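The figures here come from the full heavy-atom set of this structure, side chains too, leaving out hydrogens, waters and symmetry mates. In this text, all values refer to a predicted model and were calculated from it rather than measured experimentally. Reminder, nothing fancy here: chain letters follow the sequence lines and each chain counts from 1.
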There are 2 protein chains.
Amino acid sequence: MSDPIRSENLLYLTDEQLRQGIEAMYFAYRGFTADPDRILESMAYGRAHHRAIHFINRAPGTTVTNLLDILGVTKQSLNRVLRTLIEDGLVESRVGTSDRRERNLFLTEEGTALEHRLSDAQRARMRTAFREAGPEDVAGFRRVLEAMMEGEMKRQYLSLRESGK
Amino acid sequence: MSDPIRSENLLYLTDEQLRQGIEAMYFAYRGFTADPDRILESMAYGRAHHRAIHFINRAPGTTVTNLLDILGVTKQSLNRVLRTLIEDGLVESRVGTSDRRERNLFLTEEGTALEHRLSDAQRARMRTAFREAGPEDVAGFRRVLEAMMEGEMKRQYLSLRESGK
DNA sequence: TTGGAGTGTCAACAAAGCTGACGTATTGTG
DNA sequence: CACAATACGTCAGCTTTGTTGACACTCCAA
């Protein structure tokens with residue numbers, strides 16, 4: 001009021017704007033997971049399997065501990081998911097070469113096939129959204145999301161980002 | 001390659017960019033829910049309670065059916081959550097005035113107090129992220145998220161957006 | 001008056017998270 | 001070499017939050 005320029009600049013920080021941002025996150029995340037969920041529910045898998053498959057594909061040969069760090073769940077919880085994926089022949093667990101206590105995880109051909117189906121669906125929605133919005137909006141989207149991450153997760157995101165070239 | 005201008009414009013639509021967008025959504029959503037989750041876990045409540053409280057606060061007097069539509073769960077699932085909130089005196093369920101089959105849901109004073117704690121925490125993170133990014137990025141963030149929603153959810157988001165003034 | 005909509009509740013179940021405890025390799029260290 | 005620590009797997013049990021299916025009650029409208 002006393003400083004129209006400054007208050008106009010900060011209009012996007014009103015409680016109402018923030019609440020809309022919160023609700024946008026909520027509804028968008030549901031859209032974000034909807035397509036893979038539909039594919040997964042036809043099989044005996046859930047979102048937890050998707051996450052495991054995604055990050056094993058993303059970093060082939062990753063260890064169980066590393067996956068635990070990325071996913072932020074307990075080893076018991078991850079193990080249950082991993083076991084079914086290994087039993088079903090989607091994931092292969094090889095004894096580590098340098099450290100034989102470790103297990104290196106890889107997707108099999110079948111696992112890769114499912115990963116493709118899932119990520120194709122998810123990318124298609126992301127692509128549509130990105131195209132609808134445009135490059136500037138996409139950059140903003142990414143910057144806000146990155147600023148929203150917690151420290152440890154942001155580090156993991158950035159390191160994946162790096163390794164992805 | 002054959003058309004450098006066009007390919008540069010569409011660089012944000014490469015599979016690598018889309019994958020980064022997907023991972024950004026994943027990690028950011030975990031940050032997004034982290035603060036309320038920490039508050040809730042000290043009580044006997046979970047994310048489902050938070051969602052119910054949020055949308056009852058957002059649209060006081062809303063009916064159970066309306067809430068079911070917004071949250072996209074079964075009435076049995078919602079009812080379990082709602083019952084504990086009513087028993088604990090956070091939510092009040094009043095018989096509808098025009099249609100006495102309906103129940104109009106309101107937050108009590110205590111419920112409003114919890115809503116404030118939760119949304120304050122969530123807004124604080126959103127505010128920090130928005131401030132770090134800037135108004136242009138925030139607009140892009142919102143546009144991409146809106147484009148990512150499914151039809152029905154987008155309609156609900158927009159109608160909440162309207163009613164919020 | 002009767003059918004259907006809105007609501008609540010019971011039972012049973014599943015996915016996916018959690019803690020705690022224990023066992024087994026394997027590795028690193030004193 | 002002996003021993004502690006690490007990486008992994010697993011058993012048991014619990015919680016939250018979702019699901020179906022079935023049933024009852026109230027109330028509105030045709």
Side-chain angles (χ1 to χ4, degrees), chain A residues 26 29-30 33-34 36-56 61-88 91-106, chain B residues 26 29-30 33-34 36-56 61-88 91-106:
Chain A
Y26 170 69
Y29 194 78
R30 283 176 56 184
T33 55
D37 281 357
R38 271 187 283 267
I39 294 173
L40 290 159
E41 83 171 342
S42 60
M43 317 175 182
Y45 299 137
R47 234 176 256 182
H49 300 83
H50 183 191
R51 290 195 283 260
I53 288 173
H54 176 95
F55 287 110
I56 293 172
T62 187
T63 63
V64 173
T65 302
N66 185 34
L67 209 49
L68 285 176
D69 284 346
I70 291 175
L71 297 176
V73 297
T74 59
K75 67 176 174 174
Q76 293 90 330
S77 198
L78 175 59
N79 198 252
R80 184 171 32 199
V81 165
L82 230 39
R83 191 170 16 183
T84 70
L85 290 175
I86 291 169
E87 277 168 8
D88 295 352
V91 168
E92 195 190 346
S93 169
R94 295 187 209 148
V95 172
T97 48
S98 59
D99 186 338
R100 292 163 50 85
R101 288 171 306 182
E102 296 182 342
R103 298 291 180 275
N104 296 118
L105 302 170
F106 301 89
Chain B
Y26 170 69
Y29 194 78
R30 284 176 56 184
T33 56
D37 281 358
R38 271 188 283 268
I39 295 173
L40 290 159
E41 82 170 344
S42 61
M43 318 175 182
Y45 300 136
R47 235 175 254 182
H49 299 83
H50 182 191
R51 290 195 283 261
I53 288 172
H54 175 95
F55 287 109
I56 292 172
T62 187
T63 63
V64 172
T65 301
N66 184 34
L67 210 50
L68 286 176
D69 284 346
I70 290 176
L71 297 176
V73 297
T74 58
K75 67 177 172 176
Q76 292 89 333
S77 196
L78 174 60
N79 198 254
R80 183 170 32 200
V81 165
L82 231 38
R83 192 174 3 175
T84 70
L85 291 174
I86 292 169
E87 278 169 9
D88 294 352
V91 168
E92 196 190 345
S93 169
R94 294 187 209 147
V95 172
T97 48
S98 59
D99 185 339
R100 291 160 50 83
R101 288 169 305 181
E102 295 182 342
R103 299 290 181 278
N104 297 117
L105 302 170
F106 301 88

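- No donor-acceptor contact under 3.5 Å links the side chain of B:K75 to the base of C:dG6.
- For the OP1/OP2 pair of D:dG18 and a distance below 4.0 Å, the side-chain nitrogens and oxygens of B:T74 include no atom meeting the criterion.
- Counting only heavy atoms from C-beta outward, the side chains of B:Y26 and A:L71 approach each other to under 4.5 Å.
- To the nearest angstrom, C1' of D:dT17 lies 15 Å from CG of B:L67.
- Two residues are said to be in side-chain contact when any heavy atoms from C-beta on lie closer than 4.5 Å; A:L105 and A:L82 meet this criterion.
- When the nearest nucleotides of DNA chain D are assigned to A:I86 and A:R80 by heavy-atom distance, the more 5′-ward of the two goes with A:I86.
- Contact annotation: A:H49 does not reach the phosphate of C:dA15 (side-chain N/O to OP1 or OP2, under 4.0 Å).
- Taking only distance into account, the side chain of A:Q76 meets the base of C:dG20 through a donor-acceptor pair shorter than 3.5 Å.
- We find that CZ of B:R94 is positioned 20 Å from C1' of C:dG8, with the value rounded to whole Å.
- For a distance-only test at 3.5 Å, the side chain of B:R101 qualifies as a donor-acceptor partner of the base of C:dA5.
- A close approach under 4.0 Å does occur between a side-chain nitrogen or oxygen of A:R51 and OP1 or OP2 of C:dG17.
- Across the interface with DNA chain C, nearest-nucleotide mapping of A:V81 and A:R100 shows A:V81 to be the residue nearer the 5′ end.
- Using a 4.0 Å heavy-atom distance criterion, A:S98 is classed as a sugar-phosphate-only contact.
- Distance A:M43 CE to C:dA15 P: 15 Å, rounded to the nearest Å.
- Between the P atom of C:dT9 and the CG atom of B:L78 lies a distance of 12 Å, rounded to the nearest Å.
- When side chains are defined from C-beta on, A:R51 counts as touching A:R47, because their heavy atoms get closer than 4.5 Å.
- B:K75 NZ to B:L67 CG: the interatomic distance, rounded to the nearest 0.5 Å, is 14.5 Å.
- The nearest whole Å value for the distance from the CG atom in A:D99 to the P atom in C:dT24 is 19 Å.
- When the side-chain nitrogen and oxygen atoms of A:R103 are compared with OP1 and OP2 of D:dC8, none of them lie within a distance under 4.0 Å.
- Backbone-only engagement by B:R83 is indicated by non-hydrogen atom pairs under 4.0 Å involving sugar-phosphate atoms exclusively.
- Considering only heavy atoms from C-beta on, B:N66 stays 4.5 Å or farther from B:F55 through its side chain.
- No side-chain heavy atom of B:N104 sits less than 4.5 Å from a side-chain heavy atom of B:T62.
- Following rounding to the nearest Å, A:N104 (CG) and D:dG9 (C1') show an atom-to-atom distance of 16 Å.
- Comparing A:A44 and B:L68, the nucleotide of DNA chain C nearest to each residue sits closer to the 5' end for B:L68.
- Nucleotide C:dA5 holds its C1' atom 10 Å from the CD atom of B:E102, rounded to whole Å.
- The residue A:R47 sits close only to the backbone: its heavy atoms come under 4.0 Å of sugar-phosphate atoms, none of a base.
- Taking only side-chain nitrogens and oxygens, A:S77 never comes nearer than 4.0 Å to OP1 or OP2 of C:dA16.
- Residue A:N66 contributes atom CG, which lies 13 Å from atom C1' of D:dA7 at whole-angstrom precision.
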